[in-house]
Visitor: 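Have a look at this one.
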Amino acid sequence: MSFLRAFFYDSLLAKSEEACLTEWRSELVKHVHGNVLEIGAGTGANILFYPKNGIELTLSEPDKHMRTQLEEKVKDEGLDHVTISSHTIEENHKPDATFDCVVSTLVCCSVPNLASAFSEIKRILKPDGYFIFLEHVGAEKGTRRRRWQNRLTPLWCKISGNCHLNRETEIAFKNAGFTFKEIKRESMRKATPLVRPTIRGIAIKN
Ligand SMILES: C[S@@+](CC[C@H](N)C(=O)[O-])C[C@H]1O[C@@H](n2cnc3c(N)ncnc32)[C@H](O)[C@@H]1O
């Protein structure tokens, strides 16, 4: 299943990439500086948007099939300075305050426990560090879309690598003690209606 997911991943996202995701990714990733960790880097959808110089970049991706594609793209693009790791965010073993920026795009829906993941990201970020995010999230409570997200999440998790349709990621940021430098809420165009609500922006470690 993991092999198939990785194999079809880029094609499944292609229409949304063209409609909005590529633009959102490039706008967000340009804010990185210093020592940067991207978690759940997948097949490498963000790699072209990182500055070519002046940053130290680690891409982590625990799924070996996704990671194989990531490694190929990094090699094809000649990004020799990039480090690739297989760690999940929960087991990254980095010292406190290692990174200036952590980047996460479409990953928070899949981590086993969002509060633990956010606490770990906070630990490895330097003070005032940037948590740059683009995530699909639960629709507003009480809406028809949210009811369908709630109903279908258990099945969706099984077929989509633990992807939760109804994650309350914005609330989790606040509970973890991040503050938003900027946040945008927008519909992911050309996506299945269940994953359309998104948030993106920069959260700051206080
Ligand atoms: C939907 S894909 C997103 C890939 C890529 N970031 C993108 O924007 O297209 C979710 C990725 O998160 C990874 N992932 C799942 N749980 C994770 C965790 N606990 N820590 C780090 N990455 C995780 C998966 O292996 C998968 O590659």
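Order of appearance sets the numbers: ligands from 1, and atoms from 1 within every ligand.
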Visitor: Would you please name every residue forming a side chain to side chain contact (heavy atoms under 4.5 Å, CB included) with N175, sequence neighbours left out?
Guide: I171
Visitor: Of all residues at least two apart in sequence or in a different chain, which pass the ring-ring contact (aromatic ring centres under 6.0 Å, His included) check with F131?
Guide: F118, F173, F178
Visitor: State, without any angle test, whether E38 and Y50 hold a side-chain donor-acceptor pair at a distance under 3.5 Å.
Guide: yes
Visitor: Which atom pairs, nitrogen or oxygen on both sides, join ligand 1 and the protein at under 3.5 angstrom?
Guide:
unit_1, atom_1, unit_2, atom_2, d
ligand 1, 6 (N), G40, O, 2.7
ligand 1, 6 (N), T105, O, 2.7
ligand 1, 6 (N), T105, OG1, 3.3
ligand 1, 8 (O), R25, NH1, 2.8
ligand 1, 8 (O), R25, NH2, 3.2
ligand 1, 8 (O), T105, O, 3.0
ligand 1, 8 (O), T105, OG1, 2.6
ligand 1, 9 (O), Y9, OH, 2.7
ligand 1, 9 (O), R25, NH2, 3.2
ligand 1, 19 (N), E90, OE1, 2.8
ligand 1, 19 (N), E90, OE2, 3.4
ligand 1, 20 (N), I89, N, 3.0
ligand 1, 25 (O), E61, OE2, 2.6
ligand 1, 27 (O), E61, OE1, 2.7
ligand 1, 27 (O), E61, OE2, 3.1

Visitor: Under a 4.5 Å side-chain heavy-atom rule over Ile, Leu, Val, Met, Phe, Trp and Tyr, are L125 and V103 clustered together?
Guide: no
Visitor: Do M66 and T43 come within less than 4.5 Å of each other through their side chains, counting heavy atoms only?
Guide: yes
Visitor: Can you list everything that forms a salt bridge (Lys or Arg N to Asp or Glu O under 4.0 Å) with K52? Sequence neighbours excluded, please.
Guide: none
